[in-house]
Amino acid sequence: MTTQTDYLRDRLQGMIERGEVWNLRQLETPTNPHVTVDGHEVTMLTANNYLDLANDQRLKTAAKEAIDAYGHGTGSVWAIAGYMEIQEQLNQAIAEFKGTEAGLAYQTGFGANAGLLPQLLDEGDVFISDELNHGSIIDGMRLSSADTVIYDHADMASLEEALESVHEEYERMLIVTDGVFSMDGDIAPLDEIQKLAEEYGAMTYVDDAHGEGVLGGGHGTVAEFDLDGAIDFQTGTFSKAMGSFGGMLAADEHVVEYAYNTSRTWLLSAGFPPAVAAANIKALEIVEEETERVEYLWELREYFVSELESMGFDTGNSETPIVPVMVGDSRVAQTFADRLFEEGIFALAIVYPMVARGKARIRNQLNAGLTEDDLNEALRVYETVGRDLDII
Ligand SMILES: *Cc1c(COP(=O)(O)O)cnc(C)c1O
């Protein structure tokens with residue numbers, strides 16, 4: 001029997017043959033530095049849980065107390081009847097943490113970009129976007145009637161060329177960039193971006209999902225470059241270093257008020273549970289106070305990178321606790337990741353179409369809950385598998 005959806009079966013079959021489908025793995029423990037996945041005990045090097053807060057007792061207690069105080073669901077979108085006192089506290093905490101006039105939680109980081117970007121520009125305006133920006137940024141720009149110009153990744157000559165070519169033709173220009181890029185672990189040169197923005201009269205938008213909790217003593221990429229007050233729009237997430245869930249916007253008061261009155265993702269989707277708001281507030285407090293967590297994360301990162309490099313691995317453009325090990329061929333990368341997994345190391349093979357053909361890699365993401373012994377064990381496995389597969 002055929003059905004009208006058979007074309008999807010054919011498409012999926014093609015994806016399976018090209019190795020482009022996810023093999024969903026079951027996480028059988030909380031997301032800790034050491035976890036059980038599909039029955040294997042492994043060291044987690046592929047979670048975004050940089051500061052090891054996802055299973056932190058203080059976040060869990062804050063969430064439980066909020067359930068008792070506020071219930072579980074919000075019963076509504078935030079705009080109509082779901083906006084609770086704890087949500088207001090979170091918005092203020094975001095502003096304080098980011099050093100902006102105002103803050104706003106979104107349901108997700110994806111929703112912040114996909115909902116806000118389409119509201120910022122109109123026909124006759126232009127987004128100027130880094131070629132490696134996150135998919136939520138790409139979707140947000142696509143939902144706008146403004147044009148989009150792409151510049152070469154983190155390439156300031158290319159950005160300047162783009163600005164030069166559009167600045168007379170368009171009314172408003174908005175440069176959009178990730179703060180930290182998740183595939184390579186490199187950092188956007190925000191100081192230079194900001195300088196060019198000023199020179200050409202463009203606005204700036206930074207999505208700092210992988211920068212918060214990691215750069216700028218934990219406050220993010222904007223703080224790292226001392227650009228507080230200079231960036232027009234900052235978005236981010238609580239789902240990575242903060243160990244929780246939800247998106248955020250930090251900006252001027254009028255921008256935040258405009259944002260929640262226009263972002264369809266914010267307006268037409270329920271507010272997340274108050275337990276999430278409480279955990280997010282706690283996470284911001286911890287990042288603010290426990291700067292040693294961030295410092296330790298960086299120590300681990302420096303050690304891991306220098307040991308990998310001295311073994312002969314290429315860590316690509318890594319500048320952060322995202323540490324790729326460049327492999328090249330997609331199938332070799334997949335085999336590499338499978339071997340690592342068998343030996344107790346859970347790291348992700350990143351292959352085409354996530355990165356260009358021939359640029360396949362294993363991506364490692366460090367976590368402040370790991371010890372130097374954990375890394376030594378991971379490095380031992382890397383050396384063995386790297387030799388077996390002729391990478392080093
Ligand atoms: C992870 C990520 C997001 C999505 O954040 P969520 O809160 O998980 O939806 C958005 N932008 C970038 C750059 C990201 O890395």
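These values consider heavy atoms only, across backbone and side chains, with no hydrogens, waters or symmetry-generated copies. Indexing begins at 1, ligand by ligand and atom by atom, following the structure's order. Position 1 is the first residue of the sequence; numbering continues from there.
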So what's ligand 1 close to, N/O to N/O, under 3.5 Å?
| unit_1 | atom_1 | unit_2 | atom_2 | d |
| --- | --- | --- | --- | --- |
| ligand 1 | 7 (O) | Gly109 | N | 2.7 |
| ligand 1 | 7 (O) | Thr237 | OG1 | 2.6 |
| ligand 1 | 8 (O) | Ser239 | OG | 2.9 |
| ligand 1 | 9 (O) | Gly109 | N | 3.2 |
| ligand 1 | 9 (O) | Phe110 | N | 2.9 |
| ligand 1 | 11 (N) | His134 | ND1 | 3.4 |
| ligand 1 | 11 (N) | Asp207 | OD2 | 2.5 |
| ligand 1 | 15 (O) | His210 | NE2 | 3.1 |
| ligand 1 | 15 (O) | Lys240 | NZ | 2.6 |

Under 3.5 Å, sequence neighbours excluded: what are the donor-acceptor pairs made by side chains of residues 268-284?
| unit_1 | atom_1 | unit_2 | atom_2 | d |
| --- | --- | --- | --- | --- |
| Asn280 | OD1 | Ser244 | OG | 2.5 |
| Asn280 | ND2 | Phe245 | O | 3.0 |
| Asn280 | ND2 | Val276 | O | 3.4 |
| Lys282 | NZ | Glu285 | OE1 | 3.1 |

- Query: Who passes side chain to side chain contact (heavy atoms under 4.5 Å, CB included) against Ala47, sequence neighbours left out?
  - Reply: Thr31, Met44, Asn49
- Message: Tell me whether Thr237 contacts the main-chain N or O of Ser239 through its side chain, where contact means a donor paired with an acceptor under 3.5 Å.
- Response: yes
Can you give each donor-acceptor pair under 3.5 Å made by side-chain atoms of residues 335-358, sequence neighbours left out, with the distance rounded to 0.1 Å?
| unit_1 | atom_1 | unit_2 | atom_2 | d |
| --- | --- | --- | --- | --- |
| Thr335 | OG1 | Arg331 | O | 2.9 |
| Arg339 | NH1 | Asp388 | OD2 | 3.2 |
| Arg339 | NH2 | Asp388 | OD2 | 3.1 |

- Query: Would Phe233 and Val206 satisfy side-chain contact (heavy atoms from CB on, under 4.5 Å), going step by step from the backbone distance to the final call?
  - Reply: CA-CA 6 Å; Phe233 310 93; Val206 177; over 6 Å; no
- May I ask you to check whether Asp130 and His153 show a side-chain donor-acceptor distance below 3.5 Å? yes
